[in-house]
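Atom set for the values below is all heavy atoms of this structure, side chains included, hydrogens, waters and symmetry mates excluded. In what follows, every chain begins at residue 1, and chains take the letters A, B, ... in the order their sequences are listed. Please read all numbers here as calculations on a predicted model, not as lab measurements.
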Protein chains: 2
Amino acid sequence: MACENETAVVLREAGQKVTPQRVHILCAIRHSGVHITASQLIEELRTSHPFVDASTVYRTLASAADLGLVYETDMGSGESEFEWVGKDRHHHLICRTCGDVTSLDNSYLDGVATLLYEEAGFQADLGHFAIFGVCKSCQAKA
Amino acid sequence: MACENETAVVLREAGQKVTPQRVHILCAIRHSGVHITASQLIEELRTSHPFVDASTVYRTLASAADLGLVYETDMGSGESEFEWVGKDRHHHLICRTCGDVTSLDNSYLDGVATLLYEEAGFQADLGHFAIFGVCKSCQAKA
DNA sequence: GATGCAGATGCAACCACTTGCATTTGCACC
DNA sequence: GGTGCAAATGCAAGTGGTTGCATCTGCATC
């Protein structure tokens, strides 16, 4: 699979050892649509690669998040969701009422990041953000 | 203690039963500086009111957060931190390198909330926000 | 191809938190 | 001051995630 070779290259460039477990875990994230929770990932790996331990999955996800290969977002459900870092940086609007998640272009928060850097010297990591609130249709219902 | 009477009134107005456990838990949050983790709270209650169960603490915190009496913030350490909702709405800048937490005035994100409402119809709940990044002094060290 | 070693893995124990359920209790109503 | 009931509590068992440690393995070097 081309994806696996590609993932191996990404890992090696990041200074990580290329193990079958890591390649499988990262490929699973890349192939699994936009978001995936850690437990969904473990469930999926259980069928395709039953020899991968849960702790390995969590450790791999944590190191991949540190390296900027994946985003880790707390969606408010208590479970973190993971997403492969693509070209497009974006944010999420999460409705507290219906749980719906919509994507949001990066431009909204660029100004905030600049302001924070200028005024507080704080280099904000606004690459991927979860904003909670109430969506349009739920407001209409209320 | 005046605080306890006041807390009882807040609870009753919110439609909650006023139990000694709830009053103790909420008073402990009010008295314990800015942030407190659930486990610190349980530890503190263990000495002052040893009859309060951990599950009661978590349930009380969850319902208080729902009612808007306290803020619950994931500080990235895996443990949620709780804070009594005062007059001043503010945000937190959390340094990924040294773990330092600084407060940030609400004004920075007001514009974003307005923009989101006008363009996406999304009523963002930006009352209390955790922004991750790298602080000034850690940038200087790097 | 053999060797050494840092880093990765698997296992099991552990911690933070949640949930189901029987019991208790605040409080509204009489 | 009783009584009834919904809501809160305590207990215990369960779940999701983390950590310590012994073992294993990718990979650089010879």
Side-chain angles (χ1 to χ4, degrees), chain A residues 4-5 7-29 35-46 49-67 69-70 72-82, chain B residues 4-5 7-29 35-46 48-67 69-70 72-82 99:
Chain A
E4 300 199 352
N5 292 329
T7 305
V9 171
V10 171
L11 274 174
R12 193 162 299 141
E13 280 176 357
Q16 301 271 301
K17 282 190 184 174
V18 179
T19 67
Q21 288 93 333
R22 304 203 149 194
V23 174
H24 290 140
I25 292 166
L26 296 180
C27 280
I29 295 181
H35 297 118
I36 187 167
T37 65
S39 48
Q40 285 172 340
L41 197 57
I42 289 167
E43 189 59 35
E44 193 176 314
L45 288 166
R46 206 194 314 269
H49 307 279
F51 49 84
V52 179
D53 191 73
S55 65
T56 303
V57 175
Y58 287 111
R59 275 188 279 231
T60 301
L61 289 174
S63 76
D66 271 352
L67 292 166
L69 302 180
V70 300
E72 179 183 3
T73 313
D74 177 11
M75 292 295 185
S77 63
E79 285 190 74
S80 288
E81 302 205 0
F82 294 88
Chain B
E4 301 198 351
N5 292 331
T7 305
V9 170
V10 171
L11 273 174
R12 193 161 299 141
E13 280 176 356
Q16 301 273 299
K17 282 190 184 174
V18 179
T19 66
Q21 289 90 336
R22 303 203 150 191
V23 174
H24 290 140
I25 292 165
L26 296 181
C27 279
I29 296 180
H35 296 117
I36 187 166
T37 65
S39 47
Q40 284 171 342
L41 197 58
I42 289 166
E43 188 58 36
E44 194 176 313
L45 289 165
R46 207 194 312 270
S48 55
H49 307 278
F51 49 83
V52 179
D53 191 73
S55 67
T56 302
V57 175
Y58 287 113
R59 274 188 279 229
T60 302
L61 289 173
S63 77
D66 271 352
L67 292 166
L69 302 180
V70 301
E72 179 183 2
T73 314
D74 177 12
M75 293 296 186
S77 64
E79 285 189 74
S80 287
E81 302 205 1
F82 293 89

State whether [X] places a side-chain N or O below 4.0 Å from either non-bridging phosphate oxygen (OP1 or OP2) of [N].
| X | N | value |
| --- | --- | --- |
| B:Arg59 | D:dA7 | no |
| A:Gln21 | C:dG10 | yes |
| A:Thr56 | C:dA8 | no |

To the nearest 0.5 Å, what is the distance between [atom1] ([X]) and [atom2] ([Y])?
| X | Y | atom1 | atom2 | value |
| --- | --- | --- | --- | --- |
| B:Ile25 | B:Glu44 | CD1 | CD | 11.5 Å |
| B:Thr37 | B:Glu43 | OG1 | CD | 10.0 Å |
| B:His24 | B:Thr60 | NE2 | OG1 | 12.0 Å |
| B:Glu13 | B:Leu67 | CD | CG | 12.0 Å |

Tell me the interatomic distance from [X], atom [atom1], to [N], atom [atom2], rounded to whole angstroms.
| X | N | atom1 | atom2 | value |
| --- | --- | --- | --- | --- |
| B:Phe51 | D:dA8 | CZ | P | 17 Å |
| B:Ile42 | D:dC11 | CD1 | P | 14 Å |
| B:Leu41 | C:dC17 | CG | C1' | 14 Å |
| B:His24 | D:dT9 | NE2 | C1' | 15 Å |
| B:Glu43 | C:dC17 | CD | P | 13 Å |
| B:Leu67 | D:dA8 | CG | C1' | 14 Å |
| A:Glu81 | D:dG16 | CD | C1' | 14 Å |
| A:Tyr58 | D:dG20 | OH | C1' | 18 Å |

Quiz prompt | Given DNA chain D, 5'-ward residue of the pair B:Lys17 and B:Pro20, judged by closest heavy atom | solution = B:Lys17
Exercise. Scan A:Arg22 against the nucleic acid and name what it touches under 4.0 Å (heavy atoms): base, sugar-phosphate only, or nothing.
Key: sugar-phosphate
Practice problem: Tell me what B:Thr19 touches on the nucleic acid: a base, only sugar-phosphate, or nothing, going by heavy atoms under 4.0 Å. | Solution: sugar-phosphate
Quiz prompt | Side-chain heavy atoms of B:Glu72 within contact of B:Leu61, under 4.5 Å | solution = no
Exercise. State which of D:dG17, C:dA8, C:dC11 makes the closest approach to the side chain of A:Gln16.
Key: C:dA8
